[in-house]
Number of protein chains: 4
Amino acid sequence: MQWDLNSERPVYIQLIEQIQSRIITGFYLPGDKLPSVRDLAAEAGVNPNTMQKALTELERMELVYTNRTSGRYITLDQGLIKQLKKQSAKQQIQDFLEKMKYLGYEIEEIISLITDIASEMKKN
Amino acid sequence: MQWDLNSERPVYIQLIEQIQSRIITGFYLPGDKLPSVRDLAAEAGVNPNTMQKALTELERMELVYTNRTSGRYITLDQGLIKQLKKQSAKQQIQDFLEKMKYLGYEIEEIISLITDIASEMKKN
Amino acid sequence: MQWDLNSERPVYIQLIEQIQSRIITGFYLPGDKLPSVRDLAAEAGVNPNTMQKALTELERMELVYTNRTSGRYITLDQGLIKQLKKQSAKQQIQDFLEKMKYLGYEIEEIISLITDIASEMKKN
Amino acid sequence: MQWDLNSERPVYIQLIEQIQSRIITGFYLPGDKLPSVRDLAAEAGVNPNTMQKALTELERMELVYTNRTSGRYITLDQGLIKQLKKQSAKQQIQDFLEKMKYLGYEIEEIISLITDIASEMKKN
DNA sequence: GTGGTCTAGACCACC
DNA sequence: GTGGTCTAGACCACA
């Protein structure tokens with residue numbers, strides 16, 4: 001598992017997304033202990049403060065919780081994780097459809113284009 | 001037709017997108033004369049400098065051209081417009097599929113979700 | 001108006017509280033423009049990052065809003081401010097009564113003690 | 001009687017407060033023998049080191065004393081206990097009034113609010 | 001000039 | 001060793 005950062009968007013936002021992705025896809029399981037802030041930061045190649053900022057936000061979302069002296073853990077609330085997955089997907093789709101409508105596409109066209117491009121992407 | 005701006009993303013980027021959308025969807029037709037920078041800025045409620053920046057960028061993309069004495073016009077190159085439409089759509093779709101894959105969804109699931117949400121959005 | 005910080009609790013928390021207090025008591029009025037992060041930080045004698053952290057949190061609470069390039073402003077939602085005031089007071093009182101109960105006091109005793117101490121504090 | 005700990009504040013501080021509360025309210029009487037550190041720690045579900053730290057602090061305040069061979073006992077000095085109770089209460093009240101003043105409340109309002117909230121809390 | 005982000009490096013309380 | 005806080009100083013995009 002690797003960290004994939006670009007400089008177009010704030011690094012801490014990308015860190016949040018990637019950790020969310022790890023939780024959603026089950027790479028991190030409920031109750032798992034996360035590596036320490038310092039280790040995560042070193043692994044991702046960012047400053048510990050930046051990683052801290054990302055983790056604080058995840059904590060605010062209740063996706064992780066902190067035991068101040070022993071470390072950080074993934075939430076035990078599996079429902080929350082499922083909800084996050086569903087809700088993220090719905091948001092992505094709505095935004096996407098909005099933009100496509102904005103470009104003048106109808107739903108049938110969109111689906112046909114998606115299947116085309118998806119098969120094209122699979123080849124690579 | 002109205003301008004729909006929020007302050008989360010750079011205003012000039014949003015202006016570019018909205019003018020592009022107007023060109024792609026045919027609200028502005030090839031050869032049409034654009035309102036003056038001042039009028040456009042007033043209409044959109046932004047600083048003329050910001051609108052200017054957006055138009056300069058659109059000119060760089062050759063979607064509009066300037067006739068020094070008489071004003072700005074939409075490009076006559078219909079191929080360019082079509083290409084923009086296709087290319088924008090492809091980019092949107094690729095980004096979207098990337099993100100959904102990231103959330104752990106397969107192509108079949110995605111299409112099924114899209115049809116669901118699209119019909120749900122239609123109701124509103 | 002001055003900043004009153006001690007080192008017992010995190011500085012950024014105290015900054016949040018003091019700005020909240022200024023909003024609640026009407027020192028800052030709805031729609032007022034706040035000084036820039038740098039100015040506020042200089043005024044309070046803290047690092048701009050620390051002030052930034054406090055302001056970000058106030059923004060999350062929707063007590064202030066940001067216009068990225070022109071500055072920060074106090075929310076126009078007066079209801080929110082009133083609600084904050086009431087809710088803060090209620091919280092303070094509940095916590096207080098809880099602690100006093102914990103020390104073995106009944107409500108009548110508490111009120112009598114308060115009036116005594118309040119008059120004593122007034123003298124100073 | 002149970003231990004009620006959260007992880008927001010230092011555990012050893014919360015232990016001190018709860019033992020003080022037991023002394024003030026007469027749950028532990030002057031001269032009572034305290035359970036062993038290990039038993040107390042087990043009962044509270046904390047590390048023995050942490051409980052030890054709390055007890056050491058209580059000893060420093062002379063609320064408990066140690067008989068090297070037979071264990072720890074509650075102080076026989078009833079005056080000290082009364083004084084602790086009064087002084088704690090006074091401190092609580094002063095802090096509380098300070099905060100309420102900070103929120104823009106006058107003493108009369110405070111008392112009226114307290115009686116309201118107290119009756120509301122009694123119902124639950 | 002405005003807010004926002006990031007790094008580097010330090011110190012702290014707690015367990 | 002853990003998370004949390006803070007400073008100092010820098011750079012960026014935007015208007």
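Letters A, B, ... are given to chains in the order of the sequence lines, protein chains preceding strands, and every chain is numbered from 1. Since the model is a prediction, treat every value here as computed from it, not as a measurement.
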Task: Test item: D:L84 and D:L63 side chains (from C-beta on) under 4.5 Å apart, heavy atoms - done: yes
TODO: Please work out which residues in residues 8-18 of chain C have a non-hydrogen atom less than 4.0 Å from an atom of DNA chain F and list them by number.
DONE: C:P10, C:V11, C:Y12
Without placing hydrogens or testing angles, list every side-chain donor-acceptor pair under 3.5 Å for residues 48-55 of chain A, not counting sequence neighbours.
none

Task: salt bridge (Lys or Arg N to Asp or Glu O under 4.0 Å) contacts in which one or both residues fall within residues 64-78 of chain C, not counting sequence neighbours - done: C:E59-C:R72
- [ ] Test the A:K85-B:Y105 pair against the cation-pi criterion, namely NZ or CZ under 6.0 angstrom from the six-membered ring centroid and within 45° of the ring axis.
- [x] yes
TODO: Tell me, please, which residues at least two apart from C:D95 pass side-chain hydrogen bond (donor to acceptor under 3.5 Å, both in side chains).
DONE: C:Q91
Open item on the list: Between A:K33 (side chain only) and A:S70 (backbone N and O only), is there a donor and an acceptor less than 3.5 Å apart?
Closed with: yes
Open item on the list: Taking salt bridge (charged side-chain N to carboxylate O under 4.0 Å, His left out) as the definition, give me every residue that meets it alongside A:R38, ordered by chain and number, with sequence neighbours left out.
Closed with: none
Open item on the list: Measuring only between side-chain heavy atoms, which start at C-beta, is D:M61 closer than 4.5 Å to D:E57?
Closed with: yes
TODO: Sequence neighbours left out, what passes ring pair (Phe, Tyr, Trp, His ring centres under 6.0 Å) with A:Y12? Give chain and number order.
DONE: none
Task: Neighbour count >12 (heavy atoms, 6.0 Å) for atom CD, A:E62 - done: no
Open item on the list: I need the residues from residues 33-44 of chain A with at least one non-hydrogen atom less than 4.0 Å from DNA chain F; give them sorted by number, or say none.
Closed with: A:S36, A:V37, A:R38
Open item on the list: If the condition is ring pair (Phe, Tyr, Trp, His ring centres under 6.0 Å), which residues does A:Y65 pass it with, not counting sequence neighbours?
Closed with: A:Y73
TODO: Would you please name every residue forming a side-chain contact (heavy atoms from CB on, under 4.5 Å) with A:L5, sequence neighbours left out?
DONE: A:V11, A:Q14, A:L15, A:Q18, A:V46
- [ ] Give the first and the last nucleotide of DNA chain F, reading 5' to 3', that has any atom under 4.0 Å from a heavy atom of chain C.
- [x] F:dT5 to F:dA15
Open item on the list: Between C:E17 and C:R9 (salt bridge meaning N to carboxylate O under 4.0 Å), is one present in this structure?
Closed with: yes
Open item on the list: Under 4.0 Å, heavy atom to any atom of DNA chain F: which of residues 47-59 of chain C qualify?
Closed with: C:N47, C:N49, C:T50, C:K53
Open item on the list: Taking Watson-Crick (N1-N3 plus N6-O4 or O6-N4) and G-U wobble (N1-O2, O6-N3), each under 3.5 Å, can you produce the dot-bracket string of DNA chain F? Use [ ] for crossing pairs and | for inter-strand ones.
Closed with: ||||||||||||||.
Task: Heavy-atom check, side chain of A:P30 versus side chain of A:I81, under 4.5 Å - done: yes
- [ ] Please tell me if the side chains of B:T56 and B:R60 come closer than 4.5 Å, counting only heavy atoms from C-beta onward.
- [x] no
